[in-house]
There are 2 protein chains.
Amino acid sequence: MVTISDVAREAGVSTSTVSYVMSGKRAISADTRDRVQAAIARLGYRPHAGARSLASRSTRVIGLQAPLRTGVDVPVIMQVVAGVVQRARVHGYDILLLSSDEAEGLARASRGSMVDALLIMDVESEDARLATIAELDQPSVLIGLPAGRRSIPCIDFDFEAAGWLAVDRLVGLGHTRLALFGAPEAVMERHTSYADRLIRGFLEACEARGVEGSTHPIPDSAEALAEVDAVLTADPGITGILVHNDGALPFIADRIRAHVPSATAPDCLALTSREGALRAHGLTDTIAVPAEALGESAAEMICAMLAGGAHPSVQLLPPELAVGEPSRARIDS
Amino acid sequence: MVTISDVAREAGVSTSTVSYVMSGKRAISADTRDRVQAAIARLGYRPHAGARSLASRSTRVIGLQAPLRTGVDVPVIMQVVAGVVQRARVHGYDILLLSSDEAEGLARASRGSMVDALLIMDVESEDARLATIAELDQPSVLIGLPAGRRSIPCIDFDFEAAGWLAVDRLVGLGHTRLALFGAPEAVMERHTSYADRLIRGFLEACEARGVEGSTHPIPDSAEALAEVDAVLTADPGITGILVHNDGALPFIADRIRAHVPSATAPDCLALTSREGALRAHGLTDTIAVPAEALGESAAEMICAMLAGGAHPSVQLLPPELAVGEPSRARIDS
DNA sequence: TCTCCGTGTTGAAGCGCTTCGACAGTTTGA
DNA sequence: TCAAACTGTCGAAGCGCTTCAACACGGAGA
């Protein structure tokens, strides 16, 4: 193993000088700096992470608790994780992946000085981990929005606003009876924060706009078709539909199109992180969930905190409506 | 921060005794052990990971390079990762998630003593990272099977055997013209090891059994339908079909069923990690890709290496055919 | 009785790094 | 011209832990 002493000897300087060259915390003459950097390159030196964290009390690692359980939309999670990893790297941080064995993993990583900060995904409205995080006294960011007072910084897509946006769009198109087909029952029961908020936004907007709106959890598999079918059959008056369930989308798209076959005025909006695939279903209007951007913003936020900057307590990424071109899109597919 | 000295003082022993109680590397009297453990619990002591790794030259962290890029079947990756994380924890290891910026991340983690071992996913037949890994001189396991000499231990699902198994099954049912609809073009072009191997097994088995077999990469989206359609239309003689593309499955299942509508003798096998969803497509015969088990085995393998045990150089998880009940399944859905 | 051995415990060295205070040597300001 | 202020470098302490050599002690064998 190449140590800092090896580099110092090679460059003819002291170890502290090498350290200062690497960190830039003290002025170093150009000549010395070059010699040291050349020595580092020549020897292929990499500082020992453990030694560094011991001396500097910082690890350059961020703990990320991602939900690996079922019932969540896995591809979305992956996109967020990818965004986090990639952006954290830009700031020189690595990611320690903590499994979702709830609070224990967080405590271990934090107390054991394995990480400089924690990033927590898949937050529930009343999340049991919140108490642990609070007493851990470690910079943390939640990806998700728990209910109540916000002592911990949060970031998320603004699902509530997305609900409003969808309703406004559908009402603007003339629909007066709306339905939201959302996350699976299991997700709802856990009161996963995003599902709750989407429903709230959707229902509040319906009330505000004076239209009827109903919400329906559906499985993220083929079984969704039966449930959607039942809802639409029971109430043929529903003409405006919002779907937030990427897993179910392939199975129910045909049924929904058959229900409201208007080709020019879209009646179904999808809230999804996979815009590309939508075209294929003949669904063209999309509210994109910017999953990767969310991960990147979360990483950015926590890196800013670690860099000592101030930070907003709650950051919500605004929804944007992407209106497609129905006819062309259907031909494309 | 609670340190080992705090614990030692609290328990009335020396720091080395505390250390030996934790590691079990020296005999300690029951009385002393209890006192130390009580002190640890009382103070909520957790050893500093960096200090530990500095002194012991081991981090209890495994680096995992997972493909976060597109074109891979994301849910499968997630399942493997989940298996790895969970099983590594059982052995007391955490997972450092390395992005796929190829060799650089591996070198950084390894040379910087951030990890005790490396686990590399999404291996290509001629993988550029292999050279780096070899010179890193760090315990490593590949999840996937590169071509050529095996200097690095590998583990994977036996896709080649799965190809044979599928062919044998379809031939056994009387089919003489087989088609494999597989991974997207992009995956093929990278020569991702599993895709290559499945095709090889499939074609070799076809030749051995004296039947005609063709292979077709298809997109993992709705566009797959057009390509499948083209193939089946061009050659109506194809009656035995193997699909290995979970993304495309929902879109093409109907078309395939329409092509060979026999309800009692299954004509389409799916190679998939999501058995449950299959029923819904009326496809009942499955060769399961045990994604989570694969991750677990990989973790097990590398932990065994780290524990100093001998290890098999190549480990392939055998495929298993799951024959469903067509009629009942279709009703269920 | 004395030596030898095994058991349980300790002190101290050292892992590789960062950082503080000190210190030469060079400018600058009065 | 001399003190004050920089600039660039170094020595040494110390981060929290593991582990080695040493040692105290009681029991067994001679």
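Every value quoted in this text rests on a predicted model; they were computed, and no experiment measured them. Residue numbers start from 1 in every chain, and the chains themselves are labelled A, B, ... in the order their sequence lines are given, proteins ahead of strands.
When rounded to the nearest whole Å, the span between CG of B:D34 and C1' of C:dG8 equals 15 Å. Spacing between atom CZ of A:R52 and atom P of C:dG16 amounts to 15 Å, rounded to whole angstrom units. To the nearest angstrom, P of C:dT9 lies 8 Å from CG of B:D31. Atom CZ in B:R57 sits about 13 Å away from atom C1' in C:dC17, given to the nearest Å. What separates CZ of A:R9 from C1' of D:dC10 is a distance of 16 Å, to the nearest Å. Between the NZ atom of B:K25 and the P atom of C:dT9 there is a distance of 18 Å, given to the nearest Å. If you measure from atom CD1 of B:I28 to atom C1' of D:dT18, you get 13 Å, rounded to the nearest angstrom. Straight-line distance from the CZ atom of B:R33 to the P atom of C:dG8: 10 Å, rounded to whole Å.
Inter-residue side-chain proximity for B:L306 and B:P139 is flagged as met; some heavy-atom pair is nearer than 4.5 Å. Considering only heavy atoms from C-beta on, B:M114 stays 4.5 Å or farther from B:S53 through its side chain.
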Step by step, would you call A:R197 with A:S193 a side chain to side chain donor-acceptor pair (under 3.5 Å)? CA-CA 6 Å; A:R197 286 181 290 133; A:S193 105; 3.1 Å; yes
Candidate pair B:Y45 and B:I4, rule side-chain contact (heavy atoms from CB on, under 4.5 Å), full reasoning: CA-CA 8 Å; B:Y45 166 68; B:I4 199 171; 3.6 Å; yes
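Contacts of B:S56 with the nucleic acid, taken as non-hydrogen atoms under 4.0 Å apart, involve only primed sugar atoms and P, OP1 or OP2. Within the nucleic acid shown, B:S23 has no heavy atom closer than 4.0 Å to any nucleic acid atom. Nucleic acid contact for A:T3: sugar-phosphate only, since backbone atoms but no base atoms lie under 4.0 Å from a heavy atom of the residue.
Looking at B:S14 and B:T17, their side chains do bring a donor and an acceptor atom within 3.5 Å of each other. Judged by distance alone, the side chains of A:Q138 and A:S110 do bring a donor and an acceptor atom under 3.5 Å apart.
For B:A27 and B:A55, each mapped to the nucleotide of DNA chain C holding its nearest heavy atom, the one lying further toward the 5' end belongs to B:A27.
For A:S29 and D:dT9, the shortest distance from a side-chain N or O to OP1 or OP2 is below 4.0 Å. Phosphate proximity of C:dT9 to B:T32: present, with a side-chain N or O under 4.0 Å from OP1 or OP2.
Test A:L96, A:V84, A:V81 against A:L119 for side chain to side chain contact (heavy atoms under 4.5 Å, CB included) and you get one pass: A:V84.
On a pure distance criterion of 3.5 Å, no polar donor-acceptor pair joins the side chain of B:R26 and the base of C:dT7. A donor-acceptor contact under 3.5 angstrom links the side-chain atoms of A:Y20 to the base of C:dC20. Contact of A:S16 with D:dG11 (side chain to base): a donor-acceptor pair of N or O atoms is detected under 3.5 Å.
Using a 4.0 Å cut-off between charged nitrogen and carboxylate oxygen, A:R60 and A:D94 do not count as a salt-bridge pair.
Five base pairs at each end of the helix from C:dT1-D:dA30 to C:dA30-D:dT1 define two local axes, and these are offset by 50° (rounded to 10°).
Each of C:dT18, C:dT10, D:dC10 was ranked by its minimum atom distance to the side chain of A:T17; first place goes to D:dC10.
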